[in-house]
Amino acid sequence: MSTATHNLSDYTPGEVPSGSGRRFALVISEWNKEITEILAEGAYDTLISFGVDPGNIFTQWVPGSFELPLGAQFILEHEPVDAVILLGCIIQGETRHFDFICQGVTQGTMEVGLKFSKPVVFGILTTLTMKQAKDRAGGKHGNKGVEAAVTALKMVSLKEKSQKHKK
Ligand code: DLZ
């Protein structure tokens with residue numbers, strides 16, 4: 001798996017565009033809050049370190065990961081944000097609930113991004129155990145929240161560049 005060999009907090013700072021003047025939303029799942037709080041901290045701190053004004057970062061909690069895409073949609077309908085970062089942690093249990101939540105949130109994330117033509121970033125851990133989640137939320141494999149924020153900054157810049165090409 002890519003995250004076993006790739007630290008989620010590793011990036012080349014020079015390749016990350018500035019977030020100055022940009023507006024972002026973090027939509028965070030309350031399920032497995034001990035993990036999602038760390039993902040949110042990683043995403044928030046990374047956005048700040050690339051020049052995003054704290055006043056331009058909106059935070060919205062939703063009950064579980066399944067609700068993340070709809071949370072993104074509510075924000076995109078009413079707030080002029082450049083990108084939304086979804087942060088969640090789905091841990092496999094004894095039933096197939098895991099599969100259905102993963103499937104729903106993955107499909108929903110893609111659909112809401114395409115619907116609004118704005119980056120909606122998948123910062124969601126889907127792990128077999130709590131230990132694997134901790135390893136990816138500030139543990140030995142880094143923090144997926146950091147990776148998600150870097151992706152959001154890159155995609156916002158990419159959208160701006162592609163719009164300039166059209167003119
Ligand atoms: C129900 C459920 C279960 C079993 N596991 C998780 C999980 O590991 N991570 C997570 O974010 N949410 C979980 N949920 C809650 C669902 O995402 C959703 O909130 C409920 O099914 C209500 O729609």
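Quick caveat, the model's predicted, so the values are computed rather than measured. Just follow the structure's listing: the first ligand is 1, and inside any ligand the first atom is 1.
Contact shell of ligand 1 (protein heavy atoms, cutoff 4.0 Å): Ser29, Trp31, Asn32, Gly64, Ser65, Phe66, Glu67, Cys89, Ile90, Ile91, His97, Ile101.
The CZ atom of Phe98 lies 6.5 Å from the CD1 atom of Ile90; values are rounded to the nearest 0.5 Å.
Applying the side-chain hydrogen bond (donor to acceptor under 3.5 Å, both in side chains) test to every pair with at least one member in residues 25-46, sequence neighbours left out, gives no pairs at all.
Remark: the backbone N or O of Ile38 is paired with a side-chain donor or acceptor of Asn143 at under 3.5 angstrom.
Applying the salt bridge (Lys or Arg N to Asp or Glu O under 4.0 Å) criterion to Glu160, with sequence neighbours excluded, gives Arg22, Lys164. For Leu70, the side chain to side chain contact (heavy atoms under 4.5 Å, CB included) partners two or more places apart in sequence, or in a different chain, are Gln73, Phe74.
At most 12 non-hydrogen atoms from other residues, nucleotides or ligands lie less than 6.0 angstrom from CZ of Phe66.
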